[in-house]
Amino acid sequence: MRIVILGTGPFAVPSCQRILADGHDVPVVVVRPLVDPTAKKLPPTPVLDWARDNQLPTFQPASINDPAAIAELATYQPDLLFVCDYGQILSNDCLRVAPYGGINLHGSLLPRHRGAAPVQWALLRGDDRAGVSVIHMTPRLDAGPVLSTAETMIEPDENAGQLEPRLALLGVEATAAAISQLSDWDQQVEIGTLQTKAGVTRAPRFMKAQGQLDFRLPAEYLVRLIRALQPWPGTFAEMRLAEGKSTRMLVRAARAVNVDSGKAAGQAWSCDTRQLGLDWPSPWQQVLAVATGSGTILVSRLQPASKREMDAEEFMRGHSLFSGATFVLPEPPLSELQ
């Protein structure tokens, strides 16, 4: 088939490569334009880099739904549009450019987690499995019939930065299967499985402020938030050390245990997990324990402001008066994200 690819971020790259490897004709790759191409430090452009590495033409319209952009797209005479991690919703007029319309590779088991941040919300909601769906596109967000899916179990300590690349690889076979279905499609017959309204949940993009930790919340929820927001936008709290200094602390990895320490929420102390009867490998032995509204958080990786990321044990070795450290509780209290 003659397939125009629309994508920007890293999630799309493995499936883009499979489309090319399967012998499909890719006349152009459409990517979002750089906001400031003259900036000293440019954001990553994985799909653009992939297209250039494979000597494929690129097209970078400000809006793919602009009439001029649609007219340009039509000149490539695509059979199908493949959309993944692109960042814009395609209009009906845009989809009509290709006889087979468009397909979208989405990082969740639709209709669960519709939106821009499905991987993060799967972790925040405490899902035990995650997956990908390839849908036949409609102008409504992630609402088209599902052509193919693939799923995997979520590992106990897995964060979004680790889970997303695994899902991107799962999407390779799902994308190939969807294209195969469409190549044999009698357009007089409906294709795919319609999504049910009953299973819909929303997965909006996160803002940096939503990474603030309030240790009055339950430990289990806080650990899910930490995993969901790694590596971006990250989770943070202000730590007040015994010597009177305060610093913003990025919490990179933590586990929750059902241990009532009797301490006030936000109070921190050095903890040897072996004393709790927990046989965990390094770096989960000497950890930073924090009391919460329900249970205890054991932090293994953290990053003080303007410093490098480190194990909790290394951080605690550098603060001899660490035993009196506390995390500042935000006012007003924060609620769990819904």
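Since we're looking at a predicted model, the values are computed, not measured.
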Check whether any side-chain heavy atom of Q286 sits under 4.5 Å from a side-chain heavy atom of S270, and report yes or no. yes

Residues in salt bridge (charged side-chain N to carboxylate O under 4.0 Å, His left out) with E336, at least two apart? none

Taking salt bridge (charged side-chain N to carboxylate O under 4.0 Å, His left out) as the definition, give me every residue that meets it alongside R2, ordered by chain and number, with sequence neighbours left out. D25

Under 3.5 Å donor-acceptor, Q88 side chain and I64 backbone: yes

Could you check whether any side-chain N or O of T8 sits under 3.5 Å from a backbone N or O of R32, counting only pairs where one atom can act as donor and the other as acceptor? yes

Mind checking what makes ring pair (Phe, Tyr, Trp, His ring centres under 6.0 Å) contact with F206, not counting sequence neighbours? W121

What residues, two or more places apart in sequence or in another chain, satisfy salt bridge (charged side-chain N to carboxylate O under 4.0 Å, His left out) together with E314? R308

Is L80 linked to I19 within one hydrophobic cluster, defined over Ile, Leu, Val, Met, Phe, Trp and Tyr using a side-chain heavy-atom separation of less than 4.5 Å? yes

Over all atoms of both residues, closest heavy-atom pair of A237 and F215: CB-CE1, 3.9 Å

Ring pair (Phe, Tyr, Trp, His ring centres under 6.0 Å) against Y76, all qualifying residues, sequence neighbours excluded: none

Is there a donor-acceptor pair closer than 3.5 Å between any side-chain N or O of D311 and the backbone N or O of P283? no

Report yes or no: does N159 contribute a side-chain atom to a donor-acceptor pair with the main-chain N or O of G161 at less than 3.5 Å? yes

Verify whether one side chain among R114 and Q195 offers a donor that lies under 3.5 Å from an acceptor in the other. yes

Could you tell me whether the side chain of N54 and the main chain of L56 form a donor-acceptor pair under 3.5 Å? no

Any chance you could measure L81, atom CG, to R96, atom CZ, to the nearest 0.5 Å? 13.0 Å

According to side-chain hydrogen bond (donor to acceptor under 3.5 Å, both in side chains), does anything in residues 164-175 pair up with another residue at least two apart or in another chain? List the pairs. S15-T175, R18-E173, T152-R166, E158-R166

